[in-house]
Amino acid sequence: MTTPTAATAATAAAGAAAAPGRPRPTIGRFRQAARLTRTEFTLFVRYKTAWMFLALPMFLLVVSLGMESYEVFPGVDSTAMSMAGMLGSIGLIVGLGHASNVFTARREALVLKRLRVSGVPQAAIFGAVIGVVALFSLLVAVLMTAVTSAFTGSMPQDPVMLLVAVLLSTVPMTLLGLLVTPMVRNAEAAQMAAMVPMMILLFLGGLFIPLGMLPDPLREAMMLLPVAPVTLMAQAAFTGYDVFGGLEAATQPGYLGLWAAALPSICVVLAWTAVLALLVRRFFKWDPRQP
């Protein structure tokens, strides 16, 4: 599993260096990121564990079908709300699980060290994996939306917000996965370690316990975490209701009104993205851990 990953990533990085005795060609960061993204895409498709992470949100979607159903809004029941909210789990599961696993494996195989020595910037290395996670997360989101629409008989009221919610969650969750790698020695340990924050955020993100059923102080505290805002954005986008202030007072404010209501949630996710990016820059380890 790690051998082809390491070899391919190292080859992609080596291509940026010039032959001995010749001047090194200048390659922009965008081209480097594009090359690495293409390599990451190939590796992701070949990586069986990555497909497991892609399947987990679909499994949670099926689990939500077994929950007790009751009417939340006219024409919208709790099952539809749960299924829409499960879209918020995609970036969490794929980003956190995949990034922690592959970067730990590459670090121990000295691939990350060779990438850094070859002059590939940190932004290109991390941007490539974030781009691939975002792409596959969107594909899973489209599939899950189709299943939800087929089951509920209704289409998303704001598809753009739905896609933005999925994209917003992939970046901080992938960065969180990168922060797991300094704490573990190998890819197997990374998978286990990533499950801890993953399960905590799944429970605190309103995916199993509806946020609308919680007391206001607890719901507002959970809204400061990076998953709950995404869950509510997905539910609001699918139903067209402003659920950010609770279910009791939820209304249908229209397209612009719904985006205005979502702005605080977007700001929370962006703030987490900035904080996690700084932490990754400070604590991410490029060299293998010493035994």
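Values in this document were obtained by computation on a predicted structure and should not be read as measured data.
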Give the intermediate values and the outcome of side chain to side chain contact (heavy atoms under 4.5 Å, CB included) for residues Trp259 and Val160. CA-CA 10 Å; Trp259 276 98; Val160 176; 3.9 Å; yes

Which donor-acceptor pairs under 3.5 Å do the side chains of residues 59-67 make with protein atoms, sequence neighbours left out?
unit_1	atom_1	unit_2	atom_2	d
Ser64	OG	Leu61	O	2.5

hydrophobic_cluster_shared for [Y] and [X], side chain cutoff 4.5 Å:
| X | Y | answer |
| --- | --- | --- |
| Met52 | Val129 | yes |
| Met81 | Tyr241 | yes |
| Met173 | Leu278 | no |
| Val196 | Trp272 | yes |
| Met192 | Leu202 | no |

Is there a side chain to side chain contact (heavy atoms under 4.5 Å, CB included) between Met58 and Val147 once you walk through the steps? CA-CA 9 Å; Met58 289 296 299; Val147 173; 4.3 Å; yes

What residues, two or more places apart in sequence or in another chain, satisfy ring pair (Phe, Tyr, Trp, His ring centres under 6.0 Å) together with Phe41?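 Ring pair (Phe, Tyr, Trp, His ring centres under 6.0 Å) check on Phe41 returns Phe136.
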
Considering all heavy atoms, the nearest [X]-[Y] contact:
| X | Y | result |
| --- | --- | --- |
| Ser100 | Ala190 | O-CB, 3.5 Å |
| Phe244 | Arg219 | O-NH1, 3.2 Å |
| Ala194 | Val180 | N-CG1, 4.3 Å |
| Arg281 | Gln122 | CA-NE2, 3.7 Å |
| Met86 | Met144 | O-CE, 3.8 Å |
| Ala193 | Val184 | CB-CG1, 3.6 Å |

Start with the C-alpha gap between Leu115 and Arg106, add the side-chain angles, then the distance that decides, and say whether side chain to side chain contact (heavy atoms under 4.5 Å, CB included) holds. CA-CA 10 Å; Leu115 282 172; Arg106 293 172 188 175; 5.9 Å; no

With side-chain hydrogen bond (donor to acceptor under 3.5 Å, both in side chains) as the rule and sequence neighbours excluded, what pairs involving residues 127-152 come up? Thr152-Ser154

Is the shortest heavy-atom distance from the side chain of Phe44 to the side chain of Leu54 under 4.5 Å?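 Yes, at least one pair of side-chain atoms sits under 4.5 Å.
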
Gap between atom [atom2] of [Y] and atom [atom1] of [X] - 0.5 Å precision:
| X | Y | atom1 | atom2 | result |
| --- | --- | --- | --- | --- |
| Ser169 | Leu96 | OG | CG | 11.5 Å |
| Leu204 | Met199 | CG | CE | 11.0 Å |
| Gln191 | Thr49 | CD | OG1 | 5.0 Å |
| Lys285 | Leu112 | NZ | CG | 13.5 Å |
| Leu179 | Leu276 | CG | CG | 6.0 Å |
| Gln235 | Met83 | CD | CE | 12.5 Å |

What orientation do Phe284 and Phe103 show, parallel under 30°, tilted 30 to 60°, or perpendicular over 60°?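 Plane angle over 60°, so perpendicular.
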
Leu167: which other cluster members, linking ILVMFWY side chains closer than 4.5 Å, directly or transitively?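 Under the 4.5 Å side-chain rule, Leu167 groups with Leu138, Leu163, Val166.
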
Backbone N/O of [Y] and side chain of [X]: donor-acceptor pair under 3.5 Å:
| X | Y | result |
| --- | --- | --- |
| Arg107 | Thr181 | yes |
| Thr39 | Arg35 | yes |
| Gln157 | Met155 | yes |

All side chain to side chain contact (heavy atoms under 4.5 Å, CB included) counterparts of Ile130, not counting sequence neighbours: Val171, Thr174, Leu175

Would you be so kind as to tabulate the donor-acceptor pairs closer than 3.5 Å made by side chains of residues 220-233, with sequence neighbours excluded?
unit_1	atom_1	unit_2	atom_2	d
Thr231	OG1	Gly205	O	2.9
Thr231	OG1	Val227	O	3.2

Give the intermediate values and the outcome of side chain to side chain contact (heavy atoms under 4.5 Å, CB included) for residues Val94 and Val140. CA-CA 10 Å; Val94 181; Val140 174; 5.7 Å; no

